[in-house]
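Naming convention: chains lettered A, B, ... in sequence-line order (proteins, then strands); numbering from 1 in each chain.
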Protein chains: 2
Amino acid sequence: MASRAKATILDIAREAGVSKSTVSLVLQGSGLIRPETAVKVRKAIEDVGYVYNRGAANLRKAHSNVIGMVINDLTNPFFAEMAVGMERVFQSAGIVPFIANTAENPVRQEEVLKSLMEQGVAGLIVSPARGTTSGAFRRLEMVGLPVVFAMRRLPESRIPVIAPDNHRGAYLATAHLIGKGHRRLAFFGGSSDLVVYHERLGGFREACEALGIAKRDTIVVEGETSRKGGIACLDTALAAAEPPTAALCFNDAVAFGVMLALRKRGLEPGADFAVVGFDDVVEAQHYMPALTSVAVDSAGLGERAAHVMLKMIQSRTTRAEDHIGAVNLVVRESCGPDRHKGMGDAA
Amino acid sequence: MASRAKATILDIAREAGVSKSTVSLVLQGSGLIRPETAVKVRKAIEDVGYVYNRGAANLRKAHSNVIGMVINDLTNPFFAEMAVGMERVFQSAGIVPFIANTAENPVRQEEVLKSLMEQGVAGLIVSPARGTTSGAFRRLEMVGLPVVFAMRRLPESRIPVIAPDNHRGAYLATAHLIGKGHRRLAFFGGSSDLVVYHERLGGFREACEALGIAKRDTIVVEGETSRKGGIACLDTALAAAEPPTAALCFNDAVAFGVMLALRKRGLEPGADFAVVGFDDVVEAQHYMPALTSVAVDSAGLGERAAHVMLKMIQSRTTRAEDHIGAVNLVVRESCGPDRHKGMGDAA
DNA sequence: GCCTATAAATGGAACGTTCCAATAAATCAA
DNA sequence: TTGATTTATTGGAACGTTCCATTTATAGGC
C-alpha cells in the first residue's frame, strides 16, 4: 500500500529510457519531442504513479499558477456566491484558486495572507475582514504582488476595488420608501468601521435630504450584520419617542431579523412597517413576505474581479482601474402597498 | 514601488552579516542561536521585505503544513459551516487550510485534487462531488496521502468517513410523522447516485415498516436537492391518486421548497401537510413556519474530521476509524399539532 | 597556561524541477 | 561525400531552502 519513496522526474526518465530533460519537456507539452517518445514517457508517468512537484518547478519558473481568494465570511451566502463566481472564470483559465476564510478576523487574515504568499501565489483577491488596518497589505505591495479588493475597500489604499454602487443602491431603496409615503425612516445594522457602511448610509442620507426628510426624522442604529443584529435594531428603534415606519437595512440578513422581530411583536412586515434589504441573496425572494432588496450581482462582481486579476497577472502590473457594479432595486412585498398620507404620520 | 528581485535567505544573511544557515535557524525558531544574533537577523528580514519560500523548503523537508479541503458546494450553508468548523481546529493547530470548491462536478474535482497534490499538501479532507467514481481517489492512495471523507462516502472505499447518522436521523423523523397520525408518507428529493440518499431513504423505509405503514402508502420522489427540487417533488406527489399528508425531505432546501409550493396552492405547512427537513441549517428556525428538522451538527462534524486528519498526519498513517455523528430531531412548527385519526386517512 | 566540553555559527550537498547551451541524429543541397 | 540545416535529445547549472558535519568561539577545570 504505502508507496516507495515519491517518484520524481528521474524515475520516469529511467523507466522510459530517456533523459530527465525529455521528461520535463513532455510534462510541459512541448512540441519538440517525437510523438512516440512522448507516448513512452507518458506511459512511464502513469506506471510509477508520479505526481508533479509544483514547488520545485516554481523554484525555477518564478511564475506560479495559483491564485488565492481571501474571503471574510464564507458562511454568508453573499460572499460564497461571489467566490463561486470568481472560481468560474479561473477554472476556464485553467487555474485552480485556493480559498481561505478569515471569519472577519484581522489577525486570522494576517496569517492567511502570509501563508498564501509563502505558497507563492501569483495574485490575491481579497474581501478584507472588518477592522483591517491599512498596513496589513503593505507587505504585499512591497513584493509587487497583484491584489484586488472585492466588495469592500480600505480607507486609503491604492489597491483596485471591485464593488457594487452602494451609494446609489441605498439612494434608490430610500427613495422607494419615501415614495411609498414614509416620513420617518431608519437605517439598520452595520458598523462604522466598514467603508461600505458609510457608502450605504451616505446614499440613505442623501436621498432623505433630496426628498425632504429632515434629519431628525431619521434614526440610524448600528448593529451586527446578522439576523440577530436586525432584531436588536428594531427593538431599539421602536423604543424611540417617534418610531420610524420603514427601514433600510444594511444587508438582507439584518432585514430578515427585522421582519422576524416585527412578527414577534404582532406587526406585519410590509403592511405595518416597511423593510428593504441589501444584497438580494437567494433567500430574499423566498421569504414571507418576499423581501424588497437591492440586487448587487455578487457572482457577476466575483467574475469581474477574477478577470481583472487575470489581466493584472498577464500584464505584470499591480495597478488596475476600480470597477463599480450597477445595482438595481428589486421590489417585492416587504414594503407593502403605498402608504396613505397622514395615516398617523403627521409630524 | 516594484521591488527588486525577490529577497532570499542569502540577502538576509548578507544584510545581517551572518551565514545563510544562521538565517535558516532563526526562521525555524531554533534555540541554538544567540538571542542577539536572532534579533539582528529578524531586523534584516523585516528590512528587506523577505517572504519565506515554502516551496523551496518543502523540497528538503518533505513535510508541508498545508491541508486541502475539497468541498462539493460552498454555496450550501450546510457545507460552508462544516468547512468553517474544520478551519477552526486547523487554525489552532497553526495550519492554514486551503479550500477548493468542486461545484458538484467530478471533472472539476479531479482537477482540484490534482492541483492540491502538486502543491504538496499534507492531507486532504474531501466531501466528494455527486457522481464521483471510486477510481478518483486511487492516485491519492498510491502516494499514501492521508484522506478523510466528510459528510459523504463512496460506495466501496477504504477511506475513513466522518458523517452523521443519516439512517437514524431519517428513522426519527419518520417516526415523528407517524406518531403525529400520518398514514401516507412521502420521501422527497435527492438522487440515488448518492450514498447518503440510500442511508436516509433506508431510515425512512425502516421506520415505515416497523411502525406499520405499508409500502404502497409511501411515495418516493427523487429530485434536485434544492428549493426548486422541493417544489417539483410536491407537485408530483400531490398529483397521485392518494396523495401523502406528510413528507420527509432529503434536506432543508428541499423542505423549504415544499413549504413554498404548499403555500402557492393555498395549503398551510404544518396544518394541511407536515414537512420535516434534514440538516437543520440556520434558516430552519427562522422560517414561517419554523421547520422541524434533523440536526446533524455540521460544524461539529467538520471539527471532528479535522481532528482525525491531524492525527493521521501526525502518526503518518492513511487509515483511521469512521466516525458517525449523533443526530437529533428538532421539533418546531412545520408538522403542526397531532393529527386526529380517521380525518380522511382511512385507507 | 593547556585541554576538554559546550555553545554558536558555518559551508556544502541535496531536494525536484526548468532552462540553456550543447550534442547527436536525421534531412537536405550541392 | 561533405557541409549546412533542421529535428530530437541531453547534461549541467540554477532556483531557495534544510540538514549534516565541521569549524570557530566561549567557558570551565585543573
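- Atom P of nucleotide D/dT17 and atom CD of A/Glu118 are separated by 10 Å, given to the nearest angstrom.
- A straight line from CZ of B/Arg54 to P of D/dG16 spans 17 Å, rounded to a whole angstrom.
- Distance from the side chain of A/Asn53 is smallest for C/dG16 among the nucleotides D/dT18, C/dG16, C/dA8.
- Listed nucleotides: D/dT9, C/dG16, D/dT17. Nearest to the side chain of A/Leu59: C/dG16.
- Between A/Arg42 and A/Glu46 there is no salt bridge, since no side-chain nitrogen of the basic residue lies less than 4.0 Å from a carboxylate oxygen of the acidic one.
- One atom, OH of A/Tyr52, and another, C1' of C/dC15, lie 15 Å apart when rounded to the nearest Å.
- One can place CZ of B/Arg60 at 14 Å from C1' of C/dG11, the figure rounded to the nearest angstrom.
- There is a side-chain donor-acceptor pair under 3.5 Å between B/Thr132 and B/Gln109.
- Atom pair A/Ile33:CD1 and D/dT10:P shows a separation of 12 Å (rounding to whole Å applied).
- Between A/Glu36 atom CD and D/dT7 atom P there is a gap of 16 Å when expressed in whole angstrom units.
- Within 4.0 Å of A/Leu25, counting heavy atoms only, lies at least one base atom of the nucleic acid.
- Distances shown here put every side-chain N or O of B/Ser19 at or beyond 4.0 Å from the OP1 or OP2 atom of C/dA9.
- Checking B/Ala56 against B/Gln28, the closest nucleotide of DNA chain D that is more toward the 5' end is the one next to B/Ala56.
- A donor-acceptor pair under 3.5 Å links the side-chain atoms of B/Arg152 to the main chain of B/Pro128, judged by distance alone.
- In this structure, the NZ atom of B/Lys61 is 13 Å from the C1' atom of D/dG16, given to the nearest Å.
- Straight-line distance from the NZ atom of A/Lys20 to the P atom of D/dA13: 11 Å, rounded to whole Å.
- Proximity of A/Ser21 to the phosphate of C/dT18: no side-chain N or O atom is located under 4.0 Å from OP1 or OP2.
- Out of C/dT10, C/dA9, C/dT18, the shortest distance to the side chain of B/Val18 is found at C/dT10.
- Residue contacts shown for A/Leu10 include a base, since a base heavy atom lies under 4.0 Å away.
- Here the nucleotide nearest the side chain of B/Ile9, chosen from D/dT18, C/dT17, C/dC19, is D/dT18.
- To the nearest 0.5 Å, the span separating OG1 on B/Thr102 from CD on A/Gln91 amounts to 10.0 Å.
- The side chain of B/Arg34 places an N or O atom within less than 4.0 Å of a non-bridging phosphate oxygen (OP1 or OP2) of C/dA9.
- Under the 3.5 Å distance criterion, with hydrogens and angles disregarded, no donor-acceptor pair is assigned to the side chains of A/Thr75 and B/Glu81.
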